[in-house]
Amino acid sequence: MTFNKGFKKWDRPYLFHDLEVTLRSMPEKKRNNIVRLAIGDPDLPTPEGIKEALCRSVRSKYYGYPCTQGRIDLREAIVEYYQKRFKVMVHPDEIIIGPGAKTDLFDLGQVFSNPGNQAMILDPAYPVYCDTALYHGLNPIYLKGSESNNYQPPIPSDIDISSTDLIFSCYPNNPTGVTASRSYIKELLEFAISSKSMLIFDIAYADFIPGAGTSEAFSVFNLPGAEEVGIEVGSFSKPFSMTGYRISWTVIKNPIARQQWLRFRSNKDSGVSDHIQTAAFHALTDSFVAQDVVHNMKIYGERASLLVNGLRELGLMVRDLKNTPYAWFSSPISDSKLAAKIILEKALVQVTPGVGFGSAGEGFLRATIFQSDELIEEALSRLKTIHLSEYINAENTDAV
Ligand code: MLT
């Protein structure tokens, strides 16, 4: 038996699978009592208009294979979304519907790279960026984010520009929640242009920025030059509670790049089910769904205050939680994996260790607001009982 050499480069398990396995290995009674604040999986139900559209579609028509690029009505709805949200003109031909942003991101790593070259990756970051780079034989160059550079790390001046293929970025950022300045993304874009690499801009959390057309809510295509090297990845998962539906989109304006991507996609899968695309179309076009999304975002905003204030009362340093479903906070002990383990075992609360997003995430933990007020309050009161502040800076965790 032989394996792709890329497997050997993975020196850690996939973060979210690992968290799931940890839960599954627990006795059922204990597992059912865990407050899960680790994976970013919305708890609020998918809006009725989306579910109804899906059911109607399944009942009314047999579709067979979908079109690889995606339905024209859905792509037109995305065009309109870009106009309203970002004031950006996108053509339906420039949009390719995909089977989930995670899959798109991993696959982009294969299409726009050659083994031995390099990928620039923000650290901390969604682990798929690093894993796709390693798997496809790219050498990762980590841009180390920190509180002091506000998780918008500068590009090292000594970087070899000739061998960079890809730059991965995500704002509003997962896991830190930072909303990037346009000037920072412009810097990444200018580097992509000069190094002839592609800039991947993951906007999975864009809809957590309230209000359309604000200066914070921007698409990479708001910036000149992105039409050459920009690839934007959008997701229906979080704003519409559609994680299980598996549907996303990419926008690529460069016709040669787009052709390659489409060629790849048409080999790799047969497009996203027409029924799921119908549901996604309604997500973007149904006015009742829009009202539900506004309502849900308000709930998330209230939970954000609850979670952040509660964590601060426990003596932890927490970033302001705005434009994001994640609280990024200091770990009571520097080993974030150990901290997450202690919290899980002692408080029955699951949070994500920052190091799972890269070494620059060490010393931090991430918690989501995708649980009810009651469960967030329960998690906070459990954390209180284990006296987290006593662990702060304590090297000795024998007390654990
Ligand atoms: C997260 O929790 O960071 C991610 O959203 C999980 C995922 O989308 O794979």
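Whatever order the structure lists them in is the order used to number ligands and atoms, beginning at 1. What you are looking at is a predicted structure, and each value in this text was computed from that prediction instead of being measured.
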Six-ring centre of Trp261, Arg265 cation under 6.0 angstrom, axis tolerance 45°: yes
Parallel, tilted or perpendicular, as decided by the 30° and 60° cut-offs, for the rings of Phe16 and Tyr126: tilted
Proximity of His17 to ligand 1 by residue part, where a heavy atom lies under 4.0 Å: neither
Protein contact to atom 5 (O) of ligand 1 [nearest heavy atom, distance to 0.1 Å]: Lys238 NZ, 2.3 Å
Numbering as shown, the atoms of ligand 1 that approach Tyr205 to under 4.0 Å (heavy-atom distance): 5 (O)
Closest protein heavy atom to atom 9 (O) of ligand 1, given as residue, atom name and distance to 0.1 Å: Tyr126 OH, 2.7 Å
Between Phe370 and Tyr300, ring centroids under 6.0 Å: yes
Asn174, any N or O under 3.5 Å of ligand 1 N or O: yes
Mutual orientation of the aromatic rings belonging to His275 and Tyr63 [parallel < 30°, tilted 30-60°, perpendicular > 60°]: perpendicular
Contact (N/O only, under 3.5 Å) between Gly40 and ligand 1: yes
Residue pair Val251, Arg258: steps toward the side chain to side chain contact (heavy atoms under 4.5 Å, CB included) verdict: CA-CA 8 Å; Val251 179; Arg258 188 170 66 244; over 6 Å; no
Ring center gap for Tyr171 and Phe218 short of 6.0 angstrom: no
Atom 1 (C) of ligand 1 [closest protein heavy-atom partner, distance rounded to 0.1 Å]: Phe16 CZ, 3.2 Å
